[in-house]
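Take a look at the structure below.
Starting from 1, each residue takes its place in the sequence as its number.
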Amino acid sequence: MNLGFIGAGNMAGALIRGVVAGGVLRADDVHVFDVNAELTSRMASELRVVAHESCAAMIEASDMVVLAVKPNVVAQVLAEQKQALRGKALISIAAGWTCAMLRAALEESTRVLRAMPNTPALVGQGMTAFSRAHALTDRERAFAERMFESLGRLTWVREDQMEAVVGVSGSGPAYAYLFLEALADAGVYLGLARDQALAMAAQTLKGAAEMALVTGQHPGALKDAVCSPGGTTIAAVKALEDNGLRAAVIGAAVAAAEKASQMSRA
């Protein structure tokens with residue numbers, strides 16, 4: 001399998017590192033093009049992938065292509081490469097671009113998969129969702145699963161759930177960083193050094209998330225296990241509830257999902 005990338009940004013780099021480090025592909029099976037020739041050259045130098053001077057040449061050399069460009073340039077890229085992508089498998093990670101929109105912009109013979117990874121994929125801890133409304137062959141689907149599983153976790157959802165994915169995992173790291181920053185600030189306020197407070201807060205969030213994933217317990221049950229009657233933690237939980245933490249988080253996820261929905265109708 002020869003894998004191509006339209007775009008040589010951070011997410012493309014994360015995917016390439018994941019598939020090569022995970023033994024999914026060799027570096028010389030990966031082909032890259034970006035309108036920024038400096039980015040393409042740098043990626044070829046750092047990761048030993050094959051750089052191309054034109055997008056059409058890169059696509060021709062690839063069996064499957066990952067569309068890893070900003071949503072605002074997707075229409076232009078697809079219009080320019082519509083013929084080159086005929087008969088190819090295309091994975092799009094562009095927010096707001098539904099399967100229907102992608103299919104409408106491409107030849108019928110182009111097999112499309114819509115994916116939504118998130119930025120922790122850059123450190124091998126990503127969360128990716130695939131839309132079930134895909135047209136990949138069984139072999140292509142299996143390869144796509146192996147590729148994104150090399151970056152973290154993967155799940156399949158209905159196409160009409162992809163905006164919810166944006167709200168929860170696509171934009172979710174930003175909510176976590178806000179909470180992390182606030183928790184570290186609290187440590188500084190209480191007398192800890194900044195680096196110490198940040199390390200404690202980050203490891204605490206990482207450990208709590210891992211416990212939820214490994215044990216499979218409801219987060220409410222895990223929270224209850226930390227809360228002793230009349231103790232410090234339940235006092236802290238009450239303060240969070242008094243200040244509307246749950247409503248704020250739910251509101252943030254809904255706002256992101258609604259924005260994604262608006263983008264798909266633009």
Side-chain angles (χ1 to χ4, degrees), residues 9-12 14-15 18 66-72 74-75 78 90-105 111-136 141 144-180 205-206 208-223 240-241 244-266:
N10 288 336
M11 193 58 72
L15 278 165
V66 178
L67 183 61
V69 298
K70 298 296 185 184
N72 62 317
V74 169
L78 295 184
L90 178 72
I91 301 177
S92 170
I93 61 174
W97 275 81
T98 66
C99 285
M101 291 167 65
L102 292 166
R103 284 195 294 266
R111 300 176 299 284
V112 172
L113 169 67
R114 182 186 180 190
M116 178 52 61
N118 63 10
T119 55
L122 297 171
V123 293
Q125 295 295 322
M127 182 69 235
T128 301
F130 282 174
S131 169
R132 293 192 186 118
H134 73 94
L136 302 189
R141 170 180 169 152
E145 289 177 333
R146 287 176 60 206
M147 176 168 52
F148 281 87
E149 283 171 348
S150 72
L151 303 178
R153 291 176 178 254
L154 171 69
T155 190
W156 286 85
V157 300
R158 299 192 313 268
E159 173 69 14
D160 63 1
Q161 293 175 316
M162 288 297 282
E163 279 69 37
V165 169
V166 173
V168 176
S169 65
S171 299
Y175 324 151
Y177 298 140
L178 281 172
F179 187 88
L180 172 58
L205 290 182
K206 179 181 179 181
E210 190 67 14
M211 277 194 71
L213 291 170
V214 170
T215 67
Q217 293 187 55
H218 191 282
L222 293 171
K223 177 262 298 177
L240 290 171
E241 297 286 12
L245 175 70
R246 290 176 194 252
V249 173
I250 293 170
V254 170
E258 289 177 345
K259 180 63 175 179
S261 181
Q262 291 169 12
M263 289 169 63
S264 70
R265 295 194 299 268

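Between the CG atom in Asp160 and the SG atom in Cys99 there is a gap of 11.0 Å [rounded to 0.5 Å]. Note that CZ of Arg103 is 11.0 Å distant from NE2 of His134, once rounded to the nearest 0.5 Å. Separation of atoms CG (Leu205) and CG (Leu180) is listed at 5.5 Å; rounding is to 0.5 Å. Taking CG of Leu78 as the reference point, atom OG of Ser92 lies at 7.5 Å (rounded to 0.5 Å). Put simply, OG1 on Thr98 and CE on Met162 are 10.0 Å apart, with the number rounded to the nearest 0.5 Å. Atom-to-atom distance recorded for Glu149:CD and Thr128:OG1 is 9.5 Å, nearest 0.5 angstrom.
Considering all non-hydrogen atoms of both residues, Pro71 and Ala94 come closest at CA-CB, 4.4 Å. Nearest heavy-atom pair, Glu163 versus Ser261, reported as atom, atom and distance to 0.1 Å: CG-N, 3.6 Å. The two atoms that bring Arg141 and Trp156 nearest to each other are NE-CZ2, 3.6 Å, heavy atoms only. Between Ala95 and Met263, the shortest heavy-atom distance links the atoms O-CE, 3.8 Å. Ala144 and Leu113 make their closest contact through CB-CD2, 3.9 Å (heavy atoms, listed as atom of the first residue, atom of the second, distance).
Remark: Asn10 CG is loosely packed, at most 12 non-hydrogen atoms of other residues, nucleotides or ligands lying under 6.0 Å away. No more than 12 heavy atoms of other residues, nucleotides or ligands lie within 6.0 Å of CZ in Arg153, so this atom counts as exposed by the packing criterion.
Panel note: side chain Arg114, backbone Trp97; a donor-acceptor pair is recorded below 3.5 Å.
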Tabulate below the donor-acceptor pairs under 3.5 Å that side-chain atoms of residues 115-127 make, not counting sequence neighbours, or state none.
| unit_1 | atom_1 | unit_2 | atom_2 | d |
| --- | --- | --- | --- | --- |
| Asn118 | OD1 | Met127 | N | 2.9 |
| Asn118 | ND2 | Ser169 | O | 3.0 |

Only distances under 3.5 Å count here; give the side-chain donor-acceptor pairs of residues 210-220 to other protein atoms, sequence neighbours excluded, each with its distance to 0.1 Å.
| unit_1 | atom_1 | unit_2 | atom_2 | d |
| --- | --- | --- | --- | --- |
| Thr215 | OG1 | Met211 | O | 2.6 |
| Thr215 | OG1 | Gln217 | N | 3.2 |
| His218 | ND1 | Gly220 | N | 2.8 |

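You'll find the side chain of Val74 stays beyond 4.5 Å of the side chain of Met101, heavy atoms only.
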Side chain to side chain contact (heavy atoms under 4.5 Å, CB included) between Glu145 and Leu154, worked out: CA-CA 7 Å; Glu145 289 177 333; Leu154 171 69; 3.7 Å; yes
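The aromatic rings of Phe130 and Phe148 sit perpendicular, their planes meeting at an angle over 60°, well past the 30° parallel limit.
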